[in-house]
There are 2 protein chains.
Amino acid sequence: MSEGFASYPTVSFSELAEKIDAALPGLPTQEARLAQFMLLNIDKLALETGRTLAAKVGVSEVTVGRLLRRLGCDGMRGLKAMMREQYSLSAGARPMAGGEAPAMNDRLERVLGAEIDALHSIFQQAGSNAFRELAKRLAEAQGVYVTGFQSVRGIAEDCARRLAIARPNVRYLSAHDSMLAEWLLPSGEGGDRPEDTCLLLIDVVPYARESQDLARIARDQGRRCVVVTDEYCHWAKDVADAVLHAPSRSGLFLESTVGIVSALNLVVDGVAGLQDDGGRQRIDQWKLMARDVRLF
Amino acid sequence: MSEGFASYPTVSFSELAEKIDAALPGLPTQEARLAQFMLLNIDKLALETGRTLAAKVGVSEVTVGRLLRRLGCDGMRGLKAMMREQYSLSAGARPMAGGEAPAMNDRLERVLGAEIDALHSIFQQAGSNAFRELAKRLAEAQGVYVTGFQSVRGIAEDCARRLAIARPNVRYLSAHDSMLAEWLLPSGEGGDRPEDTCLLLIDVVPYARESQDLARIARDQGRRCVVVTDEYCHWAKDVADAVLHAPSRSGLFLESTVGIVSALNLVVDGVAGLQDDGGRQRIDQWKLMARDVRLF
DNA sequence: CGCTCCGTGACAGAAAAATAACATTTGCAG
DNA sequence: CTGCAAATGTTATTTTTCTGTCACGGAGCG
């Protein structure tokens with residue numbers, strides 16, 4: 001990584017990179033985060049200011065200065081000076097990785113294109129009525145059940161966890177394990193009325209028979225049902241109150257789940273946005289809890 | 001990299017380049033020199049100021065200002081703003097700042113942009129040595145353990161399922177539930193030697209203490225360890241044989257998991273590609289099984 | 001001459017960065 | 001659990017740097 005004849009007396013920029021690398025293990029937490037971020041984005045740091053950098057990493061401006069000084073360069077000023085020197089216009093070096101990437105192979109390029117198209121499609125749907133309807137159902141229901149099988153089961157579980165941060169009373173429904181005990185009609189006063197609950201069903205090809213069965217059961221019990229699925233799903237619209245279709249063809253070994261995941265992220269976000277305070281209270285609470293449990 | 005999908009209205013930077021190009025012939029001498037210079041060094045302009053630029057080209061500062069304004073962007077300020085937009089690293093204005101609630105569409109556009117940037121970053125890494133190393137480790141190990149906690153636990157489980165299609169002997173490791181019984185050193189003949197196994201660790205902020213502990217245990221036992229994480233993780237590179245960093249900032253209610261998922265998709269694909277037959281045999285077999293199961 | 005191009009210098013406003021003093025949190029040893 | 005020291009954030013203030021603007025003058029040219 002060292003430059004052949006960079007005989008400048010000043011600490012050069014690549015040296016700085018190495019220095020960051022070396023210093024990283026011994027750094028305090030926040031500074032380490034910052035350092036890591038800088039290291040990863042070292043070639044795109046050019047047009048960041050101290051402030052924006054701090055904001056992006058989530059540390060304070062002062063910390064940026066402190067770290068830089070600890071690393072031997074005179075704050076932001078010095079950093080920019082170094083970079084200027086390194087990438088001085090007369091030199092042939094190419095600073096910005098954003099511009100031209102080292103050729104990635106054709107296949108990956110195509111896959112990337114497909115993924116991006118999928119995202120476009122999903123974000124487009126995020127402005128649609130179907131999406132609003134879906135988010136509204138999930139936000140207004142008394143209780144929400146989330147489920148998904150096979151290759152998206154984990155995604156469904158994660159979605160349930162995240163949705164539970166955005167709104168109360170969310171459960172992952174494991175049709176296999178629990179035999180739907182959750183859905184025995186409430187005999188007494190406890191529990192929500194079925195009409196006030198909503199099922200979020202996540203399903204992709206090859207479709208699980210369970211999904212359709214579950215959807216029908218839900219409907220028969222008067223529950224609401226919304227579906228997030230792939231572009232091939234043919235049955236969802238017959239049983240669901242709202243459907244989102246996330247493209248999954250990408251050309252990889254297995255179908256991509258990026259679309260589904262993105263759609264679900266948006267759904268969670270949308271539901272959070274429909275809470276009274278934009279979900280702010282709940283997420284703050286959650287952060288506190290997470291800290292108390294000493295998860296991190 | 002192709003500008004193929006410039007379907008969103010970023011007043012982009014490449015547009016400026018074209019504009020310069022078009023305007024060049026009709027420009028006065030000095031401005032033409034300046035324009036020419038900018039065109040040639042367009043990707044290195046980032047850390048120049050109006051003054052340095054003027055100095056390097058040999059024109060006055062005022063001329064720089066004039067030219068820029070003539071080209072339609074508000075002087076140096078505007079230029080930098082453009083570049084920032086173009087090369088912004090996971091920009092996304094404060095998502096939960098409560099204060100400003102930008103129009104849904106605007107916000108979604110930004111989120112989409114961030115997601116796309118994340119994908120670019122990941123696909124770029126997919127051509128890197130780190131990625132090859134990571135895939136190789138996962139492909140060549142006798143046995144693979146996959147794990148992830150909290151908000152990516154489900155993703156990790158899914159990844160284990162999918163990886164198990166790409167190659168044999170993959171298990172999800174649930175450190176909590178099983179108390180690591182899987183990792184008791186094999187007393188007799190059964191089981192793989194630790195050196196022949198590889199741990200795939202998936203972790204995002206807020207990082208789970210367990211992840212780091214687990215990584216260390218793995219290393220102490222002589223196991224291989226590879227990590228897929230977000231852009232902030234500062235501990236991974238100290239304990240892992242290979243690390244992939246997936247940007248997660250998107251501006252949504254919760255951090256985006258799209259990047260991680262995409263990275264894992266690529267990993268599975270990469271591992272499949274390293275199988276003798278590109279994993280074809282295994283996937284065919286799986287499809288058959290899946291179809292059979294679907295019938296009942 | 002009148003016009004455009006271009007440079008100079010002075011100045012003001014804005015943004016960025018450094019600095020210092022102080023409050024809070026966190027990590028950790030005792 | 002206590003309490004100290006390090007780490008981090010806050011706030012306010014100052015300094016530096018960057019930019020844009022204005023007024024002016026000189027040079028070249030039809």
Side-chain angles (χ1 to χ4, degrees), chain A residues 16 23-38 45-85 284 287-296, chain B residues 23-38 45-85 88 93-94 97 205-209 212-213 232 234-235:
Chain A
L16 177 73
L24 230 171
L27 251 34
T29 349
Q30 296 297 83
E31 294 192 12
R33 278 182 48 171
L34 176 60
Q36 178 69 30
F37 187 88
M38 288 176 57
L45 243 43
L47 18 83
E48 298 297 321
T49 73
R51 184 166 311 184
T52 61
L53 194 58
K56 276 171 188 170
V57 182
V59 301
S60 79
E61 232 171 306
V62 206
T63 305
V64 177
R66 271 197 278 253
L67 173 63
L68 260 348
R69 229 165 303 123
R70 188 187 300 224
L71 291 175
C73 70
D74 179 29
M76 220 53 205
R77 236 195 292 275
L79 178 66
K80 293 215 168 154
M82 273 185 203
M83 300 180 73
R84 237 184 296 241
E85 199 154 296
D284 288 345
K287 280 180 177 166
L288 277 181
M289 275 175 47
R291 195 174 347 171
D292 286 350
V293 182
R294 303 189 61 125
L295 282 180
F296 58 96
Chain B
L24 230 172
L27 252 33
T29 344
Q30 297 296 82
E31 293 192 15
R33 280 215 302 157
L34 175 59
Q36 185 69 38
F37 185 87
M38 287 175 58
L45 287 182
L47 20 81
E48 298 297 322
T49 74
R51 184 166 307 179
T52 61
L53 193 57
K56 277 178 183 162
V57 184
V59 301
S60 83
E61 260 176 88
V62 201
T63 307
V64 178
R66 271 195 283 252
L67 173 61
L68 261 347
R69 232 164 303 123
R70 185 184 304 221
L71 291 175
C73 69
D74 180 29
M76 221 52 206
R77 231 194 292 285
L79 178 64
K80 293 212 169 160
M82 272 187 202
M83 302 182 71
R84 213 164 285 176
E85 203 154 296
S88 81
R94 319 257 69 204
V205 71
Y207 305 105
R209 171 135 309 161
Q212 301 178 51
D213 294 342
Y232 304 116
H234 57 273
W235 57 268

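One atom, CG of B/L67, and another, P of D/dG20, lie 12 Å apart when rounded to the nearest Å. Atom CG in A/L79 sits roughly 12 Å away from atom C1' in C/dA17 (whole-Å rounding). To the nearest angstrom, C1' of D/dG20 lies 10 Å from CD of B/E61. Remark: P of D/dA7 and CZ of A/R33 are 17 Å apart, rounded to the nearest angstrom. The separation between B/E48 atom CD and D/dT19 atom C1' is 16 Å, rounded to whole Å. The nearest whole Å value for the distance from the CG atom in A/D74 to the P atom in C/dT19 is 7 Å. Spacing between atom CZ of B/R77 and atom P of C/dA14 amounts to 9 Å, rounded to whole angstrom units. As a whole-Å value, the separation of A/R51 CZ from C/dA14 P is 14 Å.
Among the heavy atoms of the strands lying under 4.0 Å from B/V62 is at least one base atom, whether or not backbone atoms are also near. Among the protein residues, A/G65 comes within range of no part of the nucleic acid, since none of its heavy atoms lies under 4.0 Å from any strand.
Contact check, B/K80 against C/dA15: no side-chain N or O comes under 4.0 Å of OP1 or OP2. In this structure, B/T63 does not reach the C/dC5 phosphate: none of its side-chain N or O atoms is under 4.0 Å from OP1 or OP2. Not one side-chain nitrogen or oxygen of A/T29 sits closer than 4.0 Å to the OP1 or OP2 atom of C/dT26.
Comparing A/G50 and B/E31 along DNA chain C, the residue whose closest nucleotide (by nearest heavy atom) sits nearer the 5' end is B/E31.
A distance of 7.0 Å separates CG in A/L71 from CE in A/M38, rounded to the nearest 0.5 Å. A distance of 5.5 Å separates CG of B/L53 from CG of B/L34, quoted to the nearest 0.5 Å. A distance of 5.5 Å separates CG in A/L27 from CG in A/L67, rounded to the nearest 0.5 Å. A/E48 CD to A/K80 NZ: the interatomic distance, rounded to the nearest 0.5 Å, is 8.5 Å. One distance of note links CZ of A/R70 with CD of A/E31; it measures 4.0 Å at 0.5 Å rounding.
Proximity of A/R51 to A/S60: side-chain heavy atoms (C-beta onward) are nowhere separated by under 4.5 Å.
Side-chain proximity of B/T49 to D/dG9, D/dT8, D/dT19: nearest is D/dT19.
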query: How does each nucleotide of nucleotides 24-30 of chain D score, in 5' to 3' order, for protein heavy atoms under 4.0 Å: base (B), sugar-phosphate only (S), or none (-)?
result: -------
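The base of D/dG9 lies close enough to the side chain of A/R66 for a donor and an acceptor atom to sit less than 3.5 Å apart.
For B/A54, the side chain to side chain contact (heavy atoms under 4.5 Å, CB included) partners at least two apart in sequence or on another chain are B/V59, B/E61, B/V64.
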